[in-house]
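One structure is given here, and the rest of the page talks about it.
Letters A, B, ... mirror the listed sequences (proteins, then strands); counts begin at 1.
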There are 2 protein chains.
Amino acid sequence: MKKTITLKNVAADAGVSTTIASRVLGNYGSFSDETRVKVLQSAEKLNYQPNRIAQALRAGNTKAIGVIVNSVTDTFWMNLFRGIESTAQKYGYQVFLCNSDNGQSEKEQSFLQALNERNVDGIILSPALGTHPFLRKIHRGKLPLVLVDSKVEGLDVSSIIIDNVGGAFEAVEYLISLGHKDIAVITGYHDSPTSIARLDGYKRAHKMYSLPVKESLIESGDYTQQGAYDATLRLLKSGNKFTALFVSNESMTRGALKALDTAGLKVPDNISVIGWDNPEWISILNPALTVVDGLPFDIGTMACQTLLNEIEMKDDNNNKKSITIKTELVKRFSCGNIN
Amino acid sequence: MKKTITLKNVAADAGVSTTIASRVLGNYGSFSDETRVKVLQSAEKLNYQPNRIAQALRAGNTKAIGVIVNSVTDTFWMNLFRGIESTAQKYGYQVFLCNSDNGQSEKEQSFLQALNERNVDGIILSPALGTHPFLRKIHRGKLPLVLVDSKVEGLDVSSIIIDNVGGAFEAVEYLISLGHKDIAVITGYHDSPTSIARLDGYKRAHKMYSLPVKESLIESGDYTQQGAYDATLRLLKSGNKFTALFVSNESMTRGALKALDTAGLKVPDNISVIGWDNPEWISILNPALTVVDGLPFDIGTMACQTLLNEIEMKDDNNNKKSITIKTELVKRFSCGNIN
DNA sequence: ATGAAAGCGCTAACAG
DNA sequence: CTGTTAGCGCTTTCAT
């Protein structure tokens with residue numbers, strides 16, 4: 001049972017007061033060169049580790065932030081986290097990662113509560129609808145918050161938004177430019193703003209090029225692989241003709257691809273496909289899949305930067321911002337020319 | 001600027017001492033029913049949130065653990081994390097996630113240092129070789145540690161080990177049972193214990209069935225997709241005949257598959273393939289890939305359970321254990337019968 | 001240049 | 001059943 005070395009021990013060993021020891025180690029205030037050497041030597045000798053908990057209690061900040069993600073095995077979320085963590089690390093912050101398991105509101109709320117009690121300096125998340133009231137309540141305590149691809153009514157905080165409309169528009173526009181006129185789409189939950197925006201982009205592209213939007217070619221895959229698998233099969237069995245398919249997230253892309261394969265359809269010969277999100281496995285598919293990349297790493301970086309700014313901005317400037325990050329259409333070989 | 005509500009405020013509001021308030025809210029010691037009601041009401045009214053930082057300072061434990069993973073976008077590591085996080089959450093612990101970016105030792109050490117200063121109650125990691133000395137040093141401070149698929153000489157801590165030898169053995173044995181006699185293997189770093197163990201399993205299966213081990217069929221892919229791509233191509237160009245390929249992690253599996261595809265080889269008609277690790281995308285491949293699943297979720301669960309046990313075991317029972325988790329051969333359709 | 005002492009918010013002896 | 005008090009480890013006035 002080794003005793004833990006405190007500042008007091010160092011000070012005693014160096015023959016000075018804790019005040020001085022603290023100053024030397026924190027490198028502020030004034031002290032003689034001689035004492036500095038003594039203190040540093042003692043600290044080194046005793047292998048002193050500052051206690052950040054005590055510092056946090058005193059300073060009122062923990063240099064820790066919380067991140068709540070929807071899934072810990074999904075490319076989008078983990079690249080988002082990667083962006084967050086790497087910039088947090090740069091500024092000496094540590095990050096608590098919590099997994100809401102596909103946006104379960106109770107989980108989100110309990111994490112939010114826990115993170116708040118732990119006095120994290122800020123939180124990044126993309127809250128489920130059910131979490132909005134709780135979020136408003138918790139934010140009254142002035143806990144800095146940054147939202148990812150979402151907004152909460154009545155909550156004046158910054159958010160980093162994916163250009164869902166633009167990304168979908170660009171994808172569909174590309175398909176149209178290849179001569180496709182019957183483009184099916186598999187969306188997420190009907191009531192998810194993200195999902196709605198992507199569908200909106202799909203529709204806008206149709207309008208722009210004077211193509212009719214056929215409701216029969218719009219199916220929901222509930223954001224899951226199985227859901228998209230079923231949706232694709234429904235589409236296929238309906239008899240409504242379509243030459244291209246646009247799928248709006250990673251797991252649904254897997255489901256759709258599998259369904260097309262079981263149906264014996266070849267990409268891009270029988271059907272063109274565009275997915276959303278850009279996991280590494282997509283490039284080894286044959287043909288490699290064309291996708292809309294939401295650039296989650298960049299979003300994470302941006303989100304963290306924004307959060308840290310707000311945390312360290314002592315004055316209460318209320319310049320909350322909403323930043324939209326453009327998506328990137330990564331053209332590979334899953335879309336054929338129909339002309 | 002809303003003031004933060006402390007225990008003192010609650011006590012004052014309820015007209016009792018902080019001691020009593022603390023007891024009521026912590027539900028220990030004795031107090032009258034009447035005061036309990038008063039305190040609870042005041043806490044509710046003022047929306048009191050306990051300050052875990054202060055609690056941590058007092059109690060000497062933070063109810064937080066640290067996890068360092070090699071990659072935050074790799075299925076194995078993230079499922080490991082999922083297992084850790086979900087059990088940590090069950091016991092009221094929060095987890096700091098750090099990304100060593102493929103086991104960079106400097107990163108590991110700086111995270112280790114940071115986590116230690118933050119007084120996390122314990123750490124789970126799979127240290128790079130370069131980190132071993134630092135780990136020994138830091139552990140002298142009695143910080144509970146659990147290792148994943150690794151051991152550190154001179155460090156008496158528990159570890160949860162993947163059955164690398166057994167898993168590889170089983171995979172190769174399966175190929176042999178299918179009639180394969182020339183089985184190529186793509187390994188990770190030559191000096192990685194994990195890699196060595198998997199190769200050992202490969203060799204043992206050969207011995208067991210009296211098949212010669214051909215060094216020319218053993219190539220290193222350096223744990224990367226590109227590395228495995230190159231290794232596979234080298235294997236192919238060497239002219240040494242082989243009818244099956246065993247690849248020993250996820251990213252290398254991608255590389256090997258891609259190389260086989262560019263070479264125009266069909267799985268399993270021209271060549272049988274077994275991968276390691278079981279990401280979701282593997283099931284949508286056609287044919288779906290047979291793999292050795294290291295069951296990272298189970299390992300994570302086990303690791304966290306072990307760590308929490310050691311943390312909460314007040315008495316210094318020195319029963320460090322080494323637990324081996326069996327792998328699971330998931331048979332799908334990428335292996336053909338050669339007879 | 002240095003040190004004594006207060007206090008961040010909480011809990012736990014110890015009295016009463 | 002309740003309150004007083006000390007102290008976790010640190011930083012920071014405020015004297016000296």
For a salt bridge (Lys or Arg N to Asp or Glu O under 4.0 Å) check, start with the C-alpha distance between B/Asp101 and B/Lys107, then their side-chain angles and the critical distance, and finish with the verdict.
CA-CA 8 Å; B/Asp101 238 325; B/Lys107 288 212 177 186; 3.4 Å; yes

Quick one: side-chain hydrogen bond (donor to acceptor under 3.5 Å, both in side chains) partners of B/Lys151, sequence neighbours excluded?
B/Ser322

Whole-Å distance separating the CG atom of A/Asn27 from the P atom of D/dT11
12 Å

Residue list, side-chain hydrogen bond (donor to acceptor under 3.5 Å, both in side chains) with A/Tyr91, at least two apart or on another chain
A/Gln305

Distance, rounded to the nearest Å, where B/Ile20 contributes CD1 and D/dT4 contributes C1'
12 Å

Among side-chain atoms of B/Thr194 and B/Asp149, is any donor-acceptor pair under 3.5 angstrom?
yes

Please list, chain by chain and in numerical order, all residues satisfying ring pair (Phe, Tyr, Trp, His ring centres under 6.0 Å) with A/Phe81, sequence neighbours excluded.
none

Polar contact flag, side-chain donor to acceptor under 3.5 angstrom, B/Gln109-B/Gln113
no

Given atom CG of A/Asn119 and atom C1' of C/dG9, what is their separation to the nearest angstrom?
10 Å

Within the structure shown, what part of the strands sits under 4.0 Å from B/Ser32 by heavy-atom distance: base, sugar-phosphate, or nothing?
sugar-phosphate

Contact list please: residues 34-41 of chain A against DNA chain D, heavy atoms, distance less than 4.0 Å, in numerical order.
none

Side-chain H-bond candidate by donor/acceptor type, B/Gln55 with B/Arg58, under 3.5 Å:
no

Ignoring hydrogens, what is the shortest heavy-atom contact between A/Ser126 and A/Asn70? Give both atom names and the distance.
O-OD1, 4.1 Å

Generate the contact string for nucleotides 10-16 of chain C. Rules: B means base contact, S means sugar-phosphate contact only, - means no protein heavy atom under 4.0 Å.
BBBBB--

If you compare every side-chain N and O of B/Ser30 against the phosphate oxygens of D/dC1 (OP1, OP2), does one of them come in below 4.0 Å?
yes

Under-4.0 Å salt bridge between A/Lys45 and A/Asp13
yes

Could you state the CG-P distance from A/Asn9 to D/dG9, rounded to the nearest angstrom?
9 Å

Kindly calculate the angle separating the two end axes of the helix from C/dA1-D/dT16 to C/dG16-D/dC1, each obtained from five base pairs, and round it to 10 degrees.
50°

Quick one: sort the A/Phe96 and B/Phe96 rings into parallel, tilted or perpendicular, breaks at 30° and 60°.
parallel

So A/Val157 and A/Val146, do their side chains get closer than 4.5 Å, heavy atoms only?
no

